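What's counted below: heavy atoms across the whole structure, side chains too, no hydrogens, waters or symmetry copies. Position 1 is the first residue of the sequence; numbering continues from there. Because the structure is predicted, anything quoted here is derived from the model rather than measured.
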Amino acid sequence: MPSKFDNDIVYLEDLEPPSSSQRSEASSVASTASVSKNASAKKDASKTSVKRQLTLLDSFAISQSTSSEPSAKKLKLSSSDTMLSASSSAVSSKGPIGLQKLNSIPFSLKAFQESLTEEQRNLLQLECQTMGKSWLKVLKDEIKKPYFISLKRFLWEEGVRNVDDSARSRVYPSPNNIYTWSNTPLGRVKVVIIGQDPYPGRGQAHGLCFSVPVGVSVPPSLVNIYAEIKAEYPEFQPPKHGNLSAWASNGVLMLNTCLTVRAGNAGSHANKGWEQFTDKVLDVVDRYGGANLPSGLGVGRGVVFMAWGSFAEKRVAKMNKNKHLILTSAHPSPRAAHLGFLGNGHFRAANKWLEKKYGPEAKVDWCRLEDPSCQPQTTVLPTPTATPSSSQ
């Protein structure tokens with residue numbers, strides 16, 4: 001749970017928008033340049049007057065006028081340069097397609113929470129506590145919408161209220177794992193795998209589609225996914241576990257369409273609002289997925305979508321196929337895998353596209369699925385004593 005100091009943090013080195021004083025200064029410079037332009041136009045008009053016999057006084061006046069022209073031109077040039085400088089910072093926060101760069105979107109968790117009503121603060125405490133901040137800052141307006149508040153009221157009645165409700169809730173995954181997918185930073189997303197519903201069995205779902213915690217039997221669909229990786233990468237050794245967290249750390253977003261389910265009742269939380277929310281998540285990926293990859297330029301230049309089965313295919317039907325790589329096939333479940341999932345070549349195809357788009361470092365290491373519970377531990381040696389021990 002975040003400490004009390006986290007509320008004051010502005011995440012991801014977000015840039016503050018230009019201050020009002022900066023904007024007024026830029027406006028003042030623009031006005032100065034406009035006046036200078038008008039004065040120059042009047043001077044040009046005077047040059048078209050009828051020629052007359054020059055007197056000594058006329059020559060002296062023209063001489064004065066001529067000597068003052070360079071300084072006027074210099075002032076005009078200086079004004080233009082100042083305007084360009086004033087506007088450059090605003091332009092730099094925009095991507096090549098006019099979209100604001102991901103890391104220049106300001107966000108303060110404290111300010112967001114202060115903008116909520118009392119009911120919203122209660123209902124959205126889980127999102128504020130567990131959703132990855134790179135996602136929360138672009139979804140903050142979405143989760144305040146009436147449909148999402150209605151969804152949260154439903155989940156409240158189901159027992160999902162905050163991170164400590166796991167024991168009494170009959171909903172999976174546990175509240176603290178509903179947004180596990182958001183631990184993959186938005187700007188680092190390379191591949192999106194779309195699922196449908198969390199596993200409804202006890203201890204199975206943990207917020208990543210097709211994935212289960214270590215210690216839970218590998219689901220049949222994931223067995224077939226491992227088989228396809230083995231066919232594409234013969235060196236792959238399928239692990240004994242089904243935890244895909246290593247992929248999430250490597251830029252793979254594993255997103256279910258519905259993020260919760262009632263225990264033992266598949267599809268029980270469908271049509272409650274999750275579909276609209278995860279559609280918005282995909283829209284955000286379309287705009288910002290891969291923004292912080294090499295050559296990402298601060299906005300999304302395209303990612304790989306893996307849509308297995310007709311349900312997932314519908315979710316990506318409107319995606320720009322010129323911008324993204326859309327890979328579709330049959331579902332990996334035992335009933336459908338032989339209809340086109342096995343042999344689809346999706347994992348190699350994804351890496352080939354990513355390498356061409358972002359360079360070799362952007363490829364996903366599909367074969368690396370270490371057990372997250374097997375982390376190296378530091379051995380603490382006992383403090384030597386003055387009297388040697390009698391045992392060896």
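The backbone N or O of Leu102 sits less than 3.5 Å from a side-chain atom of Lys137, completing a donor-acceptor pair. Judged by distance alone, with hydrogens and angles left aside, the side-chain atoms of Asn256 form a donor-acceptor pair with the main-chain N or O of Gln196 at under 3.5 Å. Between the side chain of Ser150 and the backbone N or O of Pro146, no donor-acceptor pair lies under 3.5 Å. Here the side chain of Glu232 pairs a donor or acceptor atom with the backbone of Arg348 at under 3.5 angstrom.
Between Asp141 and Lys144 there is no salt bridge, since no side-chain N of the basic residue sits under 4.0 Å from a carboxylate O of the acidic one. Under a 4.0 Å N-O distance rule, the pair Glu142/Lys145 qualifies as a salt bridge. Comment: Glu158 engages Arg262 in a salt bridge, judged by a side-chain N to carboxylate O separation of less than 4.0 angstrom. Classification of Lys230 and Glu235 as a salt-bridged pair fails, no side-chain N sitting under 4.0 Å from a carboxylate O.
Between Met131 and Leu126, every side-chain heavy-atom pair lies at or beyond the 4.5 Å cut-off. Side-chain contact between Asp279 and Thr257 is absent, with no heavy atoms from C-beta onward closer than 4.5 Å.
Here the shortest heavy-atom pairing between Tyr226 and Pro239 reads OH-CG, 3.5 Å. Considering all non-hydrogen atoms of both residues, Gly340 and Ser329 come closest at O-CB, 3.7 Å. Considering every non-hydrogen atom in both Trp274 and Cys258, the closest pair reads CB-CA, 3.8 Å. When all heavy atoms of Glu127 and Ile143 are compared, the pair lying nearest together is CB-CD1, 4.1 Å.
Checked against the 6.0 Å centroid criterion, the rings of Phe210 and Trp308 qualify as a close aromatic pair. Side-chain rings of His331 and Phe311 stay apart, their centers remaining 6.0 Å or farther from each other. Residues Phe347 and Tyr233 place their aromatic rings such that the two centres sit no closer than 6.0 Å.
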- Task: Test His241 against Val218 for side chain to side chain contact (heavy atoms under 4.5 Å, CB included), laying out the working first.
- Result: CA-CA 6 Å; His241 65 85; Val218 180; 5.5 Å; no
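Following chains of ILVMFWY side-chain contacts shorter than 4.5 Å, one can reach Ile194 starting from Leu253, so the two form part of one hydrophobic cluster.
Checked against side-chain contact (heavy atoms from CB on, under 4.5 Å), Thr328 has the following partners two or more places apart in sequence or in another chain: Ala307, Glu313, Ile326.
Figure legend: cation-pi geometry between Lys140 and Phe112 absent, as NZ or CZ is not positioned both under 6.0 Å from the six-membered ring centre and within 45° of its axis.
Ring geometry for Trp135 versus Trp181: interplanar angle over 60°, hence perpendicular rather than tilted (30 to 60°).
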